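Accompanying notes for the structure given below.
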Amino acid sequence: MISDGCGRCLGLRSISSRTLVYGLIGDPVNHSISPIIQNTAFCHVGFDAVYVTFEVKKQFLESAVAGVIALGVRGFNVTIPHKIRIMRYIDSFDREALKIGSVNTVVNSRGSLTGFNTDGRGALQSVGMEGLKGSSVLLLGAGGAARAIAHTFAPEVRRIIIVNRTISNARQLKRALNRRYRCEVLSVQLNQRRLRELVDNSELIVNASSMGMNGRNDAPIKRGWLHANQIVFDIVYTPPVTALLTNARRAGARTIDGMEMLLNQGAISFNLWTGKNAPITQMRRALTRIMTNYANS
Ligand code: NAP
């Protein structure tokens, strides 16, 4: 018998010699929510598989990948700090992963590994094409997630303004976008006065930085700066409702939370591994349950 990770026994399945293994490689991985989402999905569609976490230190990444092949692990997600370095050990990539320059999902087909990046597509599905087309996007952050989002949004939008603490990282992302896409791209150093002006003129605001993870007082954008005609998307999912989202709701803006993106990118990984449509409703329910526990703890 296995549980869905929330302590609720599913009762129907047991692990056998035929059970397929999937997982997450990263460091740290002990707070990951992916096992709950993926095991719920496997169970719901009756796919005989289990998803586990592998804490892998940098110096063991290559041998961990060799181990995946040797042990027949069918696929895995990759998280911090291995999303870029893992590319050295993978045989082929989809276009998205090549453009973004990092991988978060790997499929093992009889020992040949293919790398994908589902973060950008997960973000795009969360916002929806109607929210994106032709808009001016204010993107906070220039790290791995911001890069994935910028490359996926760039073909659809009018302008992307990258605001980041370290200006060199914002400039590097701007150069990469300028090489590939027609939209206007600006890079700006994070500072309150400039940010206020930029917020005012943006239709879509995306927080893809780590700002907001410190709770109630950690909002990168103040409430008074936002207005009702904007979409505010915060990809941070711990806490599930960030201070930025609270401010945006009070200002009457449309809000999208990080759980939505987590769910969508996880559903794409599930589809790549199983060839089946992900049971989104059940995955969302499991995610909401664990996040409610998080909020009450
Ligand atoms: P990352 O590669 O480490 O990038 C972090 C970004 O945040 C960088 O731009 C960094 O700026 C900025 N930053 C960090 N601390 C800051 C601070 N105190 N003040 C201002 N800027 C700061 O991380 P990542 O993988 O992109 O992840 C970023 C966030 O997105 C995390 O909270 C992660 O959990 C979340 N995420 C969510 C999903 C989802 O599915 N919802 C998926 C991926 C990531 P510098 O360049 O100056 O260092």
Side-chain angles (χ1 to χ4, degrees), residues 24-34 36-38 77-86 96-97 100-105 116-127 138-153 160-176 187-192 194-195 205-215 217-221 232-245 255-270 278 280 283-284 287-288 290-291 294:
L24 169 70
I25 289 182
D27 180 28
V29 288
N30 55 348
H31 293 302
S32 173
I33 298 160
S34 295
I36 289 158
I37 301 176
Q38 297 297 349
N77 286 128
V78 188
T79 188
I80 290 171
H82 303 313
K83 283 183 174 185
I84 296 172
R85 200 183 159 91
I86 194 92
E96 209 67 8
I100 296 163
S102 73
V103 159
N104 76 340
T105 304
F116 300 82
N117 192 310
T118 67
D119 277 339
R121 265 191 292 160
L124 193 145
Q125 284 179 6
S126 304
V127 175
L138 180 67
L139 179 66
L140 298 176
R147 252 168 46 189
I149 290 171
H151 278 277
T152 312
F153 285 14
I160 299 183
I161 306 171
I162 307 157
V163 179
N164 197 48
R165 178 179 63 180
T166 308
I167 187 66
S168 56
N169 293 341
R171 288 192 182 128
Q172 195 181 9
L173 177 55
K174 174 188 155 129
R175 283 194 295 275
S187 54
V188 177
Q189 166 107 53
L190 181 64
N191 101 38
Q192 294 284 299
R194 193 81 174 90
L195 185 58
I205 296 158
V206 183
N207 177 36
S209 77
S210 309
M211 289 183 286
M213 296 183 76
N214 294 327
N217 297 319
D218 191 21
I221 296 172
V232 178
F233 175 24
D234 197 342
I235 78 160
V236 170
Y237 56 85
T238 47
V241 181
T242 60
L244 171 60
L245 290 181
T255 58
I256 304 160
D257 62 33
M259 287 204 296
E260 198 55 34
M261 173 172 160
L262 189 68
L263 199 59
N264 286 327
Q265 55 94 5
I268 301 167
S269 298
F270 177 89
I280 284 277
M283 292 162 85
R284 180 175 282 113
L287 185 58
T288 306
I290 197 79
M291 284 306 189
Y294 171 92

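The structure presented is a predicted model; accordingly, all values stated were derived computationally and were not measured. We count ligands from 1, going down the list as the structure has it; atoms in each ligand are counted the same way.
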If you count only heavy atoms, which residues are under 4.0 Å from ligand 1?
Ile80, Asp119, Gly141, Ala142, Gly143, Gly144, Ala145, Asn164, Arg165, Thr166, Asn169, Leu190, Ala208, Ser209, Ser210, Met211, Met213, Ile235, Val236, Tyr237, Gly258, Met261, Leu262, Gln265
Validation row: Tyr237, Ile33 side chains within 4.5 angstrom (heavy atoms)
yes
Measuring only between side-chain heavy atoms, which start at C-beta, is Gln38 closer than 4.5 Å to Leu24?
no
Going by atom types alone, do Asn207 and Ser209 pair a side-chain donor with an acceptor below 3.5 Å?
yes
Given the options Asn77, Asn264, Asn104, Thr118 meets side-chain hydrogen bond (donor to acceptor under 3.5 Å, both in side chains) only with Asn104
Matching residue for Leu195 among Ile221, Val188, Ile161 - test: side chain to side chain contact (heavy atoms under 4.5 Å, CB included)
Ile221
Exactly one candidate in Arg147, Arg121, Glu96, Gln125 meets side-chain hydrogen bond (donor to acceptor under 3.5 Å, both in side chains) with Thr152; the answer is Glu96
